[in-house]
Amino acid sequence: MNRHDQIIAAASSLLGVSLIIITGLQVAHRTETIADEIAWVAAVCFCASIMAATLGLRSGGASRRYEVFADNAFLLGTATVFAAVLIFAVRSA
């Protein structure tokens, strides 16, 4: 399994987590928190990471730019989903 495949798998899973956070906040009518906006940023980062990794696969690994961008977007998305969960946990306590 190459690096692009691993990024796609992990980013897809965390995209689902981000969307669950957003949906959960909507269902609970807790949209006044900043957690849902942060979760949206995470979702966008994970989508960008998935697209960059997919473009890297399609280029045959010829361009390292896609891999670096996918890595950076994934790291930013991971940090923001962590922040969204942390804010949600602190606010709901």
Side-chain angles (χ1 to χ4, degrees):
M1 190 173 201
N2 68 26
R3 191 171 187 140
H4 295 291
D5 292 334
Q6 292 173 349
I7 292 171
I8 291 171
S12 297
S13 297
L14 288 173
L15 174 62
V17 170
S18 299
L19 294 176
I20 287 172
I21 292 169
I22 294 165
T23 303
L25 290 170
Q26 293 288 328
V27 168
H29 302 291
R30 300 281 311 264
T31 56
E32 72 278 356
T33 66
I34 195 166
D36 60 338
E37 283 90 2
I38 294 174
W40 274 112
V41 171
V44 169
C45 289
F46 291 131
C47 285
S49 179
I50 292 167
M51 288 190 291
T54 302
L55 288 172
L57 279 174
R58 291 184 70 162
S59 70
S63 177
R64 182 150 160 73
R65 288 183 317 178
Y66 293 123
E67 185 177 339
V68 170
F69 182 81
D71 279 340
N72 291 334
F74 180 78
L75 285 173
L76 181 62
T78 303
T80 54
V81 80
F82 176 73
V85 170
L86 188 65
I87 289 171
F88 178 69
V90 168
R91 295 266 180 161
S92 64

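Positions are given from 1, in the same order as the sequence printed here.
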Determine the minimum heavy-atom distance between [X] and [Y], stating which atoms define it.
X	Y	value
Ala52	Tyr66	O-CB, 3.4 Å
Ser59	Gly56	OG-O, 3.0 Å
Ala42	Gly77	CB-O, 3.7 Å
Ala70	Ser49	O-OG, 3.0 Å
Asp36	Gln26	OD2-NE2, 4.1 Å

For the hydrophobic clusters of this structure (ILVMFWY residues joined by side-chain heavy atoms under 4.5 Å, transitively), does one cluster hold both [X] and [Y]?
X	Y	answer
Ile50	Val17	yes
Leu76	Ile38	no
Leu25	Phe46	yes
Val81	Leu15	yes
Ile22	Val85	yes

Quick one: pull up [atom1] in [X] and [atom2] in [Y] and give me the separation to the nearest 0.5 Å.
X	Y	atom1	atom2	result
Leu14	Cys45	CG	SG	11.5 Å
Phe69	Met51	CZ	CE	7.5 Å
Arg64	Asp71	CZ	CG	7.5 Å
Thr80	Leu75	OG1	CG	10.5 Å

Applying side chain to side chain donor-acceptor pair (under 3.5 Å), name anything that partners Asn72, two or more places apart in sequence or on another chain.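 Checked Asn72 against side chain to side chain donor-acceptor pair (under 3.5 Å); zero matches.
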Are any non-hydrogen side-chain atoms of Asp5 and Leu57 less than 4.5 angstrom apart?
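In contact.
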